[in-house]
There are 2 protein chains.
Amino acid sequence: MTLTTAEENYLKAIYHLSDGATKSVSTNDVAAEMKTKPASVSDMLRKLGDKEVIEYRKYYGVNITEEGKKRALQTIRKHRLWEVFLVEKLQFAWDEVHEVAEELEHIQSPLLIQRLDSYLNFPKFDPHGDPIPDEYGDVRARPRLALNEMDIDQSGQIVAVKDSSAAFLKYLDKVGAYIGARIKVLDKVEFDGSMEILVDQKKTLFMSKDVAANILAIQS
Amino acid sequence: MTLTTAEENYLKAIYHLSDGATKSVSTNDVAAEMKTKPASVSDMLRKLGDKEVIEYRKYYGVNITEEGKKRALQTIRKHRLWEVFLVEKLQFAWDEVHEVAEELEHIQSPLLIQRLDSYLNFPKFDPHGDPIPDEYGDVRARPRLALNEMDIDQSGQIVAVKDSSAAFLKYLDKVGAYIGARIKVLDKVEFDGSMEILVDQKKTLFMSKDVAANILAIQS
DNA sequence: TTAGTGTTTTAGTCTTGGCTAAAAATATGA
DNA sequence: TCATATTTTTAGCCAAGACTAAAACACTAA
């Protein structure tokens, strides 16, 4: 079930008003938050109820459902990642980013958001200090493991390095690995623990155990 | 006068169909390009005419105005800048960017585009080799010719493709050709127009005349 | 219990951008 | 030139998301 831009914005407002999906929210409150009229809100609540992202009892306000919470958190995640991008990469001031992020958050492309997240180095907070939900909507934490702990044929994505010295980052860059790269373990040598890694489905990389132990990945 | 997303898309289509604002464009052609019905197009042409971005004479098709051309080029500029961003910064493949750029191009923020341009180092061409109009809508085109128009022993560089369908881009990728590849014509078969191309001074590639006609290059 | 007050919903309207069916205008060819 | 074919427009309808005005409901206080 896909949501329109307007529906996404309502859901986000309801999520915020409900204090993280705990409280009931009234039609009037939503109208105030959305700067619209209660009559328009009633209409929209019916639609959101039909799509089962909220529980709607006429005259008694709404509660957000689990599915709705997930959707809202995804939108919030996108909004905050774009804010980080605008501030860190495009030199926007922290008070200039909201309007633009409000538009950018509705771009539909899971791949785009994954890559953006990698590109920004998996930030945990936006420029206003608000936390950024992870891919799964805050709930699941991603277990990270060092490359040398991965088994042959396992796939994943590089998310961090332990030693982020300039020298090591330079080395990574030189061999064509980077934060966000998709990787697959092709081979592990028993003798010295060195590994053969497929990067982005094209480049093959050989690395010592020491290097592998320095690179953190999530499995996929 | 602001344009809606739909209006921007129509204007872009009309600009493309009119070969850079020179030819008249028929209602039917616009309908085909936009994958919509002529009746819907008539309606939209009336609106675009009212906003003076096109000159609309009923039953005689439309011509784009100076103002319309400027608007269309601004949209194209945004589209191509985003494509560069996706490929250079987010490691998208050049055949994955179009759909997402189609959404991103409608984000309204002149500051965003200025900053993006500067962040990308003021690129002149997008990943498909198409020129990026500057802030004022000026385009610096390179003289390009199709591979099948090149003679034996001529050298050059691939800069664009005519048919940028995912299927064709995928094919190119598979055979090891890409935008920016340096090429040299080793042989042309009189009988069927097929060609033998040296890519990057190492790989030799055989291609039919149809494929060659689809690949644009600049001579060097 | 009932009247009053504020909240919420319904009903009907508007705009945008689609659609189909039918009418009108233009183009073509005998 | 006139009939036919093609293109384009008009007219009327639909859905989304807004609005206003009016009706329905819930809550409170006498």
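Chain naming here is simple, since letters A, B, ... match the order of the sequence lines and numbering starts at 1 in each.
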(message) Please encode protein proximity along nucleotides 2-9 of chain D as a string of B, S and -, counting only heavy-atom distances under 4.0 Å.
(response) -----SBB
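Each of D43(B) and A6(A) was matched to the nucleotide of DNA chain D holding its nearest heavy atom; the match closer to the 5' end belongs to D43(B).
Aromatic ring pairs are classed by plane angle as parallel below 30°, tilted from 30° to 60° and perpendicular above 60°; the pair F85(A) and Y119(A) is tilted.
A side-chain donor from one of D29(A) and S26(A) sits under 3.5 Å from a side-chain acceptor of the other. Inspection of the H106(A) and E8(A) side chains reveals an N or O donor paired with an N or O acceptor under 3.5 Å.
Between T36(A) and the phosphate of dC19(D), there is a side-chain N or O to OP1/OP2 separation shorter than 4.0 Å.
Residues meeting the side chain to side chain contact (heavy atoms under 4.5 Å, CB included) test with R57(B), sequence neighbours left out: Y60(B).
Distance K37(A) NZ to dG6(C) P: 17 Å, rounded to the nearest Å. Going from atom CD of E7(B) over to atom P of dG18(C) covers 10 Å, rounded to whole Å. To the nearest angstrom, P of dC19(C) lies 11 Å from CE of M44(B).
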Would you list the atom pairs, donor with acceptor, under 3.5 Å between side chains in residues 75-84 of chain B and any protein atom, with sequence neighbours excluded?
from, atom 1, to, atom 2, distance (Å)
T75(B), OG1, R71(B), O, 3.2
R77(B), NH1, P133(B), O, 3.1
R77(B), NH2, D117(B), OD2, 3.1
K78(B), NZ, E105(B), O, 3.2
K78(B), NZ, I107(B), O, 3.3
H79(B), ND1, E102(B), OE1, 3.4
H79(B), ND1, E105(B), OE1, 2.7
H79(B), NE2, E83(B), OE2, 2.9
H79(B), NE2, H98(B), ND1, 3.4
R80(B), NH1, P131(B), O, 2.7
W82(B), NE1, L104(B), O, 3.4
E83(B), OE1, H128(B), ND1, 3.1

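Other residues, nucleotides and ligands contribute only 12 or fewer heavy atoms inside 6.0 Å of the CD atom of E52(A).
Taking the side chain of Y10(B) as heavy atoms from C-beta on, and the options dT20(D), dG17(C), dG18(C), the nearest nucleotide is dG18(C).
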